[in-house]
Amino acid sequence: MKNPAKVNEAIRHLKPQAAPFEEEMSLNFGPQHPSTHGVLNFLVVTDGEVMHQALPNIGYLHRGIEKLAEMTPYSGFMPYTDRVDYLAAMFANQVFAMAVESLAEIEVPKRAEYLRVIVCELNRIASHFIATGALALDLGAVTPFVQWLREREFINDIMEALCGARLTYNYMRIGGVSVDMPGDLPDKILRFLDHFEPIIDEYNRLISNNEIFVKRLADVAVISPIDAVNFGLVGPNLRASGIGIDLRKTLGYSVYPDFDFEVPLGKGFRGALGDAYDRYMVRILEMTQSCRIIRQALEKIPGGEYRANVKKKLKVEENEVYSRVESARGEMGVYLISDGTDRPYRLKIKTGSFTAMSIVEKASQGLMVADLIALIGSLDVVAPEVDR
Amino acid sequence: MVSAMETAVNPSVRSAVRKYFKNIYQLFYSILEGMAVTFSYLFRRPITIQYPYKLDKPMDEIIPDRFRGILGVDLRYCIACRLCQTTCPIACIAIDLERNPETKERFITRFDIDISKCMFCGLCVEVCSTGTLHHSKIFDGTSRHVENLVLEFVNTPVRPFIKPKSIEDIPVDRSGAITRNKLKDFFDLPKFRLTDEA
């Protein structure tokens, strides 16, 4: 499309105030591009190799999960939450369970809370494998991605032995978890951690310290702390800009106050504060902290019940609640309104990827086209989480 | 002459030159380091499993017991409570009961599971009181027609099971043979059903 009038016509519905450039060209990036991590569409307005802006155009993966919730009983909605974020299904499980539990005033047994923490942190590691590995893959390094996939296989096996599924776990239930750990699982997890912790160093040697990789990420798509807050970034993306908000610490939900762990912050490891490399490095550091939490949880886990007594046909009185957890992609929230029946009146899911999309337009200004890949990859956007 | 030239070089230029060469050194060092990691994998044991050609153990032993595979029903022990049908969030289980008008006996005439809809969440298995509805360890089932993916477990109408109080463990056949038999129909004789019989 060389005609500037046509370009402006094409982007008018996205951004009316787009300034006309003589040499400007608009390109569709996605929705089937492999680097968009799913089906995302960006309208890239470029002048040669330099982007003037990249406008995200979402909605290709909308499945109406929130509407489905209104037609499904509370207990029956749990499998659907797996599909909100297929890389970190446990968090969506947990946040929905927590919302219903606080509405129906169900007390969750201590053992169930510990089990939830263990599986969530394992899931966080598995999710960061894909985030960091796919970022390297998008920049042209195939080996790290395959290596992380191999490590992730161990976590998948652990989850399979625990709940029977490798990705869509459907492990948590309202009032606890579906099954207790099999007897040999703690050993299995510990063996994995012993094996995995040295692998992080190896991985850093393989790719994180690689000068080519660093040059592709450092000082690219810098998000200042003020921007990060104003655009509503959450999770690792926010912490990479140096703002230490982690709901595990600040909110202290579930049994997280029992554990001793740090929240890694971005501090301009190889460039400016809040660049793509910081976002990458924060995730690598978070894996180590997750390992610490799992070790402590396995040590402290109490015996007893793993599931509270909840009626099969659960009816919740008229009320509303907002519950949130720190997912692998930042704050994940569920706003739930009940009307006295056995199904929600309205359920709204707030996810980290959706807010991360909002900054793409600002952060992409003046970037090279190839750096858009680094930006999207470092934001760790998962398409089903954007659209739900 | 040489010393005069050395003093003439601007210190900022010198540091820039040093930085330039340091960059090159770092680049090659980090690449070699990465290559060393890659190289070390030549001497480690691969963890790849050559499925399905070379397996150390049979697939049933590799897959954990809790694996949620394709559903199976041991109809001998179904009490026809229909809990699974009402629990299923996507309604992929269809059960019909018919009463013989003369003898007033109830019969299960239909127990269909549409595994093309099933999302293997396991909620139906959790509510089954006799354990007759179970997950097999089978995960591979393909068909040329989506209609064939409806597993029809009732061949001839069966009486619902009445649980005697003396029995603690019901000997449900969880080996997967039931599901495997039903899946066999896909491969051997593809059924063509143009209209939905339901």
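Just so we're on the same page: letters track the sequence lines, and every chain starts at 1.
Atom OG of B:S30 is separated from atom NZ of A:K215 by 9.0 Å, given to the nearest 0.5 angstrom. One finds the CD1 atom of B:I63 at 7.0 Å from the CD atom of A:E160 (value rounded to the nearest 0.5 Å). Atom CG of residue A:D82 and atom CZ of residue B:F120 lie 14.0 Å apart, to the nearest 0.5 angstrom. From B:I47, atom CD1 reaches atom CD of A:E151 across 7.5 Å, with rounding to the nearest 0.5 Å. Here the OG1 atom belonging to A:T72 is positioned 10.5 Å from the CD1 atom belonging to B:I90, to the nearest 0.5 angstrom. Rounding to the nearest 0.5 Å gives a distance of 13.0 Å between CD1 of B:I31 and CG of A:N209.
Scanning all heavy atoms of the two residues, the minimum distance from A:R173 to B:C121 falls at NH2-O, 4.3 Å. Nearest approach of A:M181 to B:R66, heavy atoms of both residues: C-NH2, 4.2 Å.
Residues A:Y80 and B:M119 have side chains in contact (heavy-atom distance under 4.5 Å, counting atoms from C-beta outward). The shortest distance between side-chain heavy atoms of B:L123 and A:P79 falls below 4.5 Å.
For B:E126 and A:R307, the salt-bridge test passes: some basic side-chain N is under 4.0 Å from an acidic carboxylate O.
For a residue to count as touching a neighbouring chain, one of its non-hydrogen atoms must lie under 4.5 Å from one of that chain's; by this rule B:P64 touches chain A with the side chain only. Proximity to chain B is absent for every atom of A:Y171, based on heavy atoms less than 4.5 angstrom apart.
In terms of heavy-atom pairs under 4.5 angstrom with chain A, the leader among B:Q26, B:M35, B:E33, B:R68 is B:R68. Between chain B and the options A:R166, A:E153, A:R83, A:M71, heavy-atom pairs under 4.5 Å are most frequent for A:R83. Interface summary for chain B: among A:T143, A:L68, A:L162, the most heavy-atom pairs under 4.5 angstrom belong to A:L162. Of the listed residues (A:N204, A:V179, A:N210), the greatest number of heavy-atom pairs within a distance under 4.5 Å of chain B belongs to A:N210.
Sparse packing is recorded around CZ of B:F28, with 12 or fewer heavy atoms of other residues, nucleotides or ligands lying under 6.0 Å away. Heavy atoms from other residues, nucleotides or ligands lying under 6.0 Å from CZ of B:R18 number 12 at most.
Of all residues spanning residues 182-203 of chain A, those with a heavy atom less than 4.5 Å away from chain B's heavy atoms are A:P182, A:I199, A:E202, arranged by number. Residues of residues 92-102 of chain B lying under 4.5 angstrom from chain A, judged on non-hydrogen atoms, do not exist here.
For A:Q147 and B:Y41, the side-chain atoms include at least one donor-acceptor pair closer than 3.5 Å.
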